[in-house]
Visitor: 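One structure coming up, written as C-alpha cells, with questions to follow.
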Amino acid sequence: MITYNEQQKSFLLTGKGYSYAFFINQMNTLQHLHYGAPIFPSDMSHLYKIGSGDTQTPNPENFNRNLSFDYTPSEFGFYARGDYREPSAVIARKDGGQMSCFTYVSHEIFDGAPQLKGMPHARKGDKTLAVTVRDECTPVEITLFYTVSEDSTVLVRNASYKNVGDEPVQLKRAFSFCFDLPGGYEYKRMCLGGAWAFERQPSVVPVSHGVTRLQSIRGNSSHQTNPFIGILKEDCNEDSGECYSVALCYSGSYVLATDWAFNQRLRIHGGVSDFNFSWQLEKGEEFITPQAFLNYSANGLGELSRGYADFMRDYVIVPRFVRAPRPIVVNNWEATYFDFNNEKLFPIIDAAAELGVDTFVLDDGWFGKRDDDKSGLGDWFVNEKKLEGGLKTVINRCKEKGLKFGLWFEPEMISEDSDLYRAHPDYAIKMEGVTPVRSRNQLVLDFTRQEVVDHVYNVISKVLRENDISYVKWDMNRSITEMYTPSLPAERQGEFQHRFILGVFNLAERLTGDFPHIFFEGCAGGGGRFDAGMLYYFAQFWTSDDTDAYERTKIQWGTSFIAPLSTMSCHVSACPNHQTGRITPISSRAAIASLGPTGYELDLSILSEEEKEAVKQQIIDYKQVSELILNGDLYRHRTTLDGGEYFFVTVVSKDKSQAYAVGLRTHGSPCDFDHYVQIKGLDPDKIYHIPELDITASGKSLAGYGVLLRRMPDFGGWTWHINQVK
Ligand code: DGJ
C-alpha cells in the first residue's frame with residue numbers, strides 16, 4: 001500500500017512486515033522518516049513532527065545553516081549544498097560545477113511495477129511510487145521509484161536520471177537508492193565475500209564510523225564480494241532482532257556503501273560502481289539505474305532470507321522455469337576435463353541412463369580447437385576431430401538412452417588462438433600499447449559493441465537451432481582488465497563497465513527469449529556472478545566449482561542469504577575431491593547436493609557396483625524431496641562456518657505438513673551422546689514422524705527439546721524426512 005498525505009506532504013509505503021516513509025520538507029527536499037517495522041498511518045503525524053520539528057528542520061531563510069541535513073536525513077543524498085555525507089548522485093555540468101540539491105517536482109502512484117528495458121528487474125509488483133526531483137544546480141531530473149507488494153518483504157528501488165536541459169551533463173555517480181537509519185544503535189554490517197571455490201562466506205563486522213564500501217570493480221559482480229549488504233541491529237541473530245539487506249539486481253561493477261556520521265545516523269546507498277564511472281547525458285536522454293531489492297525483518301536473518309527466497313521465486317526468476325522440476329544432470333567436466341571423445345563420453349551417458357540421471361551436459365572443450373584452456377573460445381562450432389560425427393552423434397546417443405542433452409558455452413570470451421580472433425582481433429578488449437592480461441589464457445569480448453554481441457548471438461543461436469539441446473550452461477571465467485573500448489570517445493570511457501554488462505544482459509535476454517524451451521544455467525568460474533541480475537535470466541546458477549561436501553556446507557549456507565535453494569546448482573563429485581583433496585562418504589556428498597537442483601560431476605561409468613546402487617537410490621530419494629527444494633522455506637540451524645562441528649538445515653513445506661532436514665558432522669567429539677539439534681520451522685501444534693529416527697513428536701517438542709544426534713564418522717551426513725501424522 002502507498003499513501004500520500006496532502007497536508008503533511010508525506011509518503012507512507014507498506015509491504016509485508018515493513019513500512020517506509022519520507023516527506024517533502026519546507027526546503028522542498030525529500031526527507032527520510034522511517035524504514036523498518038510497520039507503522040500505522042496515524043503514526044505518521046508523530047514521525048512527521050519529529051522530522052519537521054523546529055530544532056531539526058533546515059531553515060528556508062538560511063539555507064546554509066550548517067549541519068542541518070545531518071539531522072534531517074535526505075531521502076537521496078546531494079552534494080555541497082548542506083548535505084555533508086556522501087551524495088547518492090554526482091552530476092557535472094559543462095562549467096565543471098558538481099554541487100547538487102534535489103527538490104521535489106511531482107509524484108505519481110501507479111499500479112504494477114516498472115519494466116526496465118534491457119536490464120533485469122522485478123517482473124511485477126502491486127503499486128509503484130515515482131517521485132521526481134529536480135537538481136537545482138544542473139538540468140537533471142531524477143525520478144525515484146519505489147515498488148511495494150503486499151505479499152513481499154522486499155521494497156524495490158531504483159532511480160532514473162534525465163537531462164531536461166539543452167547542454168549535455170556528465171553523471172559521475174548515479175546510485176539507485178539511498179536510505180537512512182537512526183542513530184542510537186550499534187549496527188553491524190554483513191557481507192558475503194570470498195574468492196574462487198569459496199564464494200559467499202558470510203562475515204559480520206561492526207559498522208564503523210565514516211564511509212565503508214562493498215564493491216566490485218572487476219566488471220562483474222564477482223566471487224569476492226557479492227552485491228549484497230546486510231545491516232543488523234546490535235541484538236540481531238538468526239531468529240530474532242531487526243535486520244535489513246540490499247541485493248542489487250545487477251551483475252556488473254557495483255558499490256554498496258555505508259556512511260556513518262558521528263551524530264550516529266547511518267546512510268546506506270549504492271548502485272552501479274562510481275569508480276572510473278561517468279555517463280554522458282545528452283539533451284533529453286535518460287540513464288536508468290539497476291534495481292536494488294531492499295529487505296527488512298523484525299525477526300532475524302532467517303526470516304530475512306526467507307523473504308528474499310520468496311521474492312526471487314515470485315518476482316524475479318524466469319517464471320516458466322522457477323517452479324518446474326529441474327533436470328538431474330551429469331556433467332563431464334570433472335570426469336574428463338578437456339580430454340574426451342565419443343569413446344569416453346558414451347560410457348558416461350550409458351551409465352547415467354542406467355542410474356536414473358535425465359540430462360547429460362557436455363562441458364568445455366567440444367568446439368573449435370580446444371584441448372586445453374589456451375585456444376578455441378569464440379569458435380562455437382563442433383570439433384569433429386574430437387567428436388566424430390559432431391554433436392548429433394552425442395545427442396543421438398543421449399536420445400537412444402532416453403537422456404536429454406545440454407551444452408556449455410562461454411559467450412563473453414575469446415581466445416587469441418581462435419578463428420574468431422584471427423578474423424576479428426578488434427572484437428577483444430585491449431588497449432593499444434598495453435599487453436593484455438591473459439587471465440586463464442583468454443581475453444574478453446568487447447560487449448560494449450552491439451555488433452560483437454550480435455555476432456555471438458548469431459553463432460550460438462545457430463548451434464541451438466540446429467541441434468536438439470534442452471539445457472545450456474553459460475559460463476564466464478575471468479574478470480575484465482584493460483577496461484577500454486575504441487568505440488567510445490575519450491570522455492565516454494567511463495561508460496565502459498556499465499555498457500559491457502548491458503551487452504551481457506542483451507545477449508542473455510535474446511538467447512533465453514528466443515529459445516524458451518531451453519533451460520539455462522548460469523555459471524561464472526563457479527559462483528562468481530551469483531546475483532539477482534543473473535537469476536532473472538537463469539533459473540539456477542552453478543553455486544561453486546568447489547564441490548567438496550564440507551566446503552559446500554559453508555558456500556550454500558552463505559548463498560541462502562540471497563537466493564532460494566532452487567537456484568543453487570549442486571553436484572556430487574568424485575573423491576578425493578578435486579578442489580580440496582578431502583574424502584567424504586558418497587552419502588554425505590549426496591545429502592549436501594540434495595539441497596538444490598542436483599546432479600553428478602564425475603565419471604559415472606567407473607563407479608563401483610556399490611556406488612552405482614547408492615547413486616540410483618539417491619536419485620529416487622531426491623525426486624521425493626525435489627518439490628520441497630523448489631518451493632520450501634529454509635531454516636538454518638547450525639553452521640560449519642567459524643569451525644562449527646555441524647551443518648544442519650531444514651526445508652519446510654509452505655503448509656508445514658512436510659520437511660526435509662539435512663546435516664553434516666565435521667568431526668566426532670567425545671561427548672557425542674549429548675548433542676541435540678533443534679528443528680525449527682515446523683508447526684508447533686502438529687505431530688510429525690521422522691522414519692529415519694523412528695521419532696514421533698510435536699513440532700513444539702522438535703523445536704524445543706530437539707533430536708539427539710547419534711555418533712557418526714567424520715564428515716558423516718544425514719537426511720531426515722519429516723512428515724505430519726496429525
Ligand atoms: C568453470 C566452471 O565453473 C566449471 O564447471 C567448468 O565448466 C569450467 N569452467 C570449464 O572451463
Side-chain angles (χ1 to χ4, degrees), residues 194-200 218 220-224 226 251 327 329-340 344-345 348 359-380 383 386-387 405-415 417-418 438-445 460 469 471-479 519-531 534 538 540-548 551-552 555-556 559 567-574 577-580 589 593 596-604:
W196 174 79
F198 61 109
E199 298 88 345
R200 291 172 298 287
R218 309 170 72 101
N220 53 67
S221 56
S222 86
H223 296 80
Q224 283 69 15
N226 193 266
S251 311
V329 308
V330 61
N331 179 301
N332 74 306
W333 178 240
E334 289 195 7
T336 64
Y337 294 102
F338 293 107
D339 181 19
F340 58 82
K344 281 203 179 173
L345 297 181
I348 301 178
T359 301
F360 169 74
V361 179
L362 182 56
D363 210 278
D364 195 354
W366 59 268
F367 50 88
K369 188 186 90 184
R370 180 102 169 146
D371 294 323
D372 54 33
D373 62 15
K374 294 191 180 63
S375 58
L377 289 171
D379 293 345
W380 302 116
N383 178 348
K386 223 167 172 177
L387 296 178
F405 178 75
L407 195 58
W408 181 97
F409 291 93
E410 194 175 5
E412 297 147 71
M413 300 295 156
I414 181 168
S415 304
D417 183 0
S418 68
R438 298 180 172 96
S439 180
R440 210 195 190 209
N441 301 306
Q442 63 198 52
L443 301 182
V444 185
L445 284 166
I460 292 184
I469 293 172
Y471 184 104
V472 163
K473 178 175 171 188
W474 175 319
D475 203 351
M476 192 284 295
N477 280 299
R478 61 158 291 183
S479 297
F519 184 91
F520 280 76
E521 172 175 286
C523 175
R529 206 161 55 179
F530 199 131
D531 55 55
M534 287 289 113
F538 311 141
Q540 70 189 39
F541 212 91
W542 182 226
T543 316
S544 176
D545 272 349
D546 196 336
T547 47
D548 173 74
E551 291 299 325
R552 274 299 187 108
I555 296 165
Q556 292 169 206
T559 308
T567 61
M568 297 181 212
S569 185
C570 300
H571 292 178
V572 175
S573 60
N577 180 270
H578 291 198
Q579 290 74 35
T580 61
R589 284 175 265 153
T598 204
Y600 292 83
E601 186 87 18
L602 41 71
D603 188 344
L604 292 172

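The model shown is predicted, which means the values in this text are computed figures rather than measured ones. Counting starts at 1 for both ligands and their atoms, in listed order.
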Visitor: What residues form a side-chain contact (heavy atoms from CB on, under 4.5 Å) with Phe198, not counting sequence neighbours?
Guide: Ala195, Gln201
Visitor: Let me know which protein residues bring a heavy atom to under 4.0 Å of ligand 1; chain then number is fine for ordering.
Guide: Trp333, Asp363, Asp364, Trp408, Arg440, Lys473, Asp475, Asn477, Cys523, Gly525, Gly526, Trp542, Asp545
Visitor: Does a side-chain heavy-atom distance below 4.5 Å link Asp363 with Tyr337?
Guide: no
Visitor: Between Arg200 and Thr559, is there a side-chain donor-acceptor contact under 3.5 Å, judged purely by atom types and distance?
Guide: yes
Visitor: Holding to side-chain contact (heavy atoms from CB on, under 4.5 Å), I want the full list of residues that pass it with Ser375, two or more places apart in sequence or in another chain.
Guide: Lys369, Asp372, Asp417
Visitor: Do Glu521 and Tyr471 come close enough that some side-chain heavy atom pair is under 4.5 Å?
Guide: yes
Visitor: Once side-chain contact (heavy atoms from CB on, under 4.5 Å) is applied, do any residues pair with Asp545, and if so which ones, sequence neighbours excluded?
Guide: Trp196, Trp542
